[in-house]
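For reference, the structure is listed below as structure tokens.
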Amino acid sequence: MTERQQFFALIMGGLIFLAIVELVRRRKLKEEYTWLWLLTGVIIFLLVIWYDFLRFVTFMIGARIETSALFIFGLLFLILINLWFSVKISSLQDRVKNLMQEIAIMKYKKTAKKKTKRRKGKK
Amino acid sequence: MKKRLIIIPAYNEEKNLGKVIKEIRKYDRKSDIAVVDDGSIDKTGLMAEKLGVILLSHKNNLGYGAALQTGFKFGVKRKYSFMLQMDADYQHKASFIPRFFKEIEKGKYDVIIGSRLLEKSGYKIPALRKAGMILFGKITSIIIGKRITDPTSGFRVVNRKVAKLHASDIYPTDFPDSDVIIMLNFAGAKIKEIPVTMRSSNKKKSMHGGFKPVYYIFKMFFSIFLTLFRRRERLYD
């Protein structure tokens, strides 16, 4: 890895880290979702300053050059995070469905009560 | 007297709903009717109110299965003994309703499904759909060890025990067909098909018929496969 590549990776890792902290500070991102992103920033940082480890990882996965190893792990990370979001979306979809069903039933209950009251009032 | 509920999920059915309710009342005056307006953009909800039926309305469109489930949730909460589901597109003939209730009230079966293929009728089914019905019917029959000819039929009646399962989170709300039959069979439910005839749907894209066939086939295979490995609920202990 050239010095320029290292510098670029360090800058990117730092920027991701700062962006996450700022989003949490502004309450635009929940703490629950930050750990994965922070971990990514830390891993990028570690791989850049601990170059021998990156070489070792590259050797272990059978990649030829270090940047390919980084690329593969980046891709894997994106796949995993998308899967995690799909799980979250499914759970949220279920909750929205249950809420809307509950509202529909409660709304009927309210209308039925009103109608009964009106009828009693007429009598 | 055991309470009966007829659940009609409806999406943009203002033109058909009147005919459907009128026909139901002609053949069945004992049952309560609940229309689940699934976020229609026409006047389906208003129409249901005018007709004096129970109206359960979704703020947004949740889909056929979720609309049905709302009806079941309502029925379970209100302690109905039997719940019949039918479509709002005037495809299902209300003249069969008394037979459905007569069968289920005998207490021998937990689910009665109206089948278009059990007896020969003049009902025309598009070739691709018929092939799907036969294929999933065969798969379902093999798995449960009982002949099922029309697993996609949305004309069926269930008792309270089955309705409770339908109202729970294990009910698949996107295209509840063969997978539900298999799930119910594994739960110990006794299922029977009775022959029915239906009208051809006059809508180009009805709530039940407008689904994408490719996704349907994938979903059904995947869902049936998963049903085989899921924890099995029990209707009777």
Side-chain angles (χ1 to χ4, degrees), chain A residues 23-24 26-37 39-40 61 71-123, chain B residues 5-11 32-40 44-46 48-80 83 163-164 166-176 219 222-223 226:
Chain A
L23 283 170
V24 179
R26 288 190 197 173
R27 297 181 207 284
K28 290 200 172 177
L29 183 67
K30 278 193 158 198
E31 283 91 339
E32 188 192 344
Y33 300 100
T34 55
W35 67 271
L36 207 59
W37 293 108
L39 191 72
T40 321
I61 64 164
F71 187 74
I72 287 168
F73 280 108
L75 211 62
L76 269 177
F77 167 76
L78 288 177
I79 290 170
L80 286 176
I81 207 156
N82 274 322
L83 191 67
W84 189 49
F85 283 147
S86 295
V87 172
K88 281 277 165 194
I89 290 168
S90 299
S91 141
L92 285 174
Q93 214 175 350
D94 256 354
R95 285 185 205 178
V96 170
K97 182 205 78 185
N98 286 339
L99 270 174
M100 284 204 339
Q101 289 178 325
E102 205 56 44
I103 289 169
I105 293 169
M106 280 166 70
K107 212 171 145 189
Y108 168 72
K109 216 172 155 185
K110 205 178 151 189
T111 324
K113 257 187 188 175
K114 264 188 190 172
K115 275 183 188 169
T116 322
K117 259 188 187 177
R118 248 185 255 157
R119 259 183 240 143
K120 277 181 184 173
K122 274 182 186 175
K123 280 178 187 174
Chain B
L5 179 69
I6 296 171
I7 303 164
I8 308 170
Y11 178 63
D32 288 340
I33 304 167
V35 170
V36 186
D37 175 19
D38 191 25
S40 301
T44 300
L46 214 75
E49 258 181 359
K50 268 188 194 170
L51 291 161
V53 296
I54 296 164
L55 172 66
L56 304 166
S57 46
H58 290 167
K59 196 92 180 142
N60 297 88
N61 182 249
L62 291 178
Y64 178 78
L68 256 183
Q69 196 185 41
T70 304
F72 285 117
K73 282 185 176 179
F74 176 80
V76 169
K77 272 191 183 171
R78 292 284 170 122
K79 299 193 172 15
Y80 283 93
M83 289 163 235
K164 272 186 181 172
H166 284 3
S168 74
D169 282 339
I170 62 163
Y171 184 71
T173 47
D174 53 341
F175 312 132
K219 188 264 160 180
F222 194 52
S223 188
L226 290 179

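Order of the sequence lines fixes the chain letters, A, B, ..., with proteins taken first and strands second; residue numbering starts at 1 for each chain. From a predicted model like this one, the values you see are computed outputs, not experimental measurements.
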(message) Quick one, B:K59 with A:I103, criterion side-chain contact (heavy atoms from CB on, under 4.5 Å). Give me CA distance, side-chain angles, the key distance, then yes/no.
(response) CA-CA 9 Å; B:K59 196 92 180 142; A:I103 289 169; over 6 Å; no
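- Residue A:Q93: no heavy atom, backbone or side chain, is found under 4.5 Å from chain B.
- If you measure heavy-atom distances from B:D37 to chain A, you find no contacts under 4.5 Å at all.
- Looking at heavy atoms from C-beta onward, A:K97 lies out of side-chain contact with B:H58 at the 4.5 angstrom threshold.
- Counting non-hydrogen atoms of neighbouring residues, nucleotides and ligands closer than 6.0 angstrom, the NZ atom of A:K107 reaches no more than 12 such neighbours.
- Atom CD1 of residue B:I54 and atom NZ of residue A:K109 lie 13.5 Å apart, to the nearest 0.5 angstrom.
- Residues B:E49 and A:K115 are not paired through a salt bridge, judged by the lack of any N-O separation under 4.0 Å between the basic side chain and the carboxylate.
- The 12-atom threshold is not exceeded at CZ of A:F71, counting heavy atoms of other residues, nucleotides or ligands nearer than 6.0 Å.
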(request) With side-chain contact (heavy atoms from CB on, under 4.5 Å) as the test, would you mind laying out the steps for B:D169 and A:N98 before giving the verdict? (result) CA-CA 9 Å; B:D169 282 339; A:N98 286 339; 3.7 Å; yes
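- With rounding to the nearest 0.5 angstrom, the NZ atom of B:K77 is 13.5 Å from the OH atom of A:Y108.
- Only the backbone of B:L55 comes within contact range of chain A, with at least one heavy atom under 4.5 Å from a heavy atom of that chain.
- Of all heavy-atom pairs between A:A104 and B:S57, the closest is CB-O, 3.4 Å.
- Atom CG of B:N61 and atom CE of A:M100 lie 8.0 Å apart (nearest 0.5 Å).
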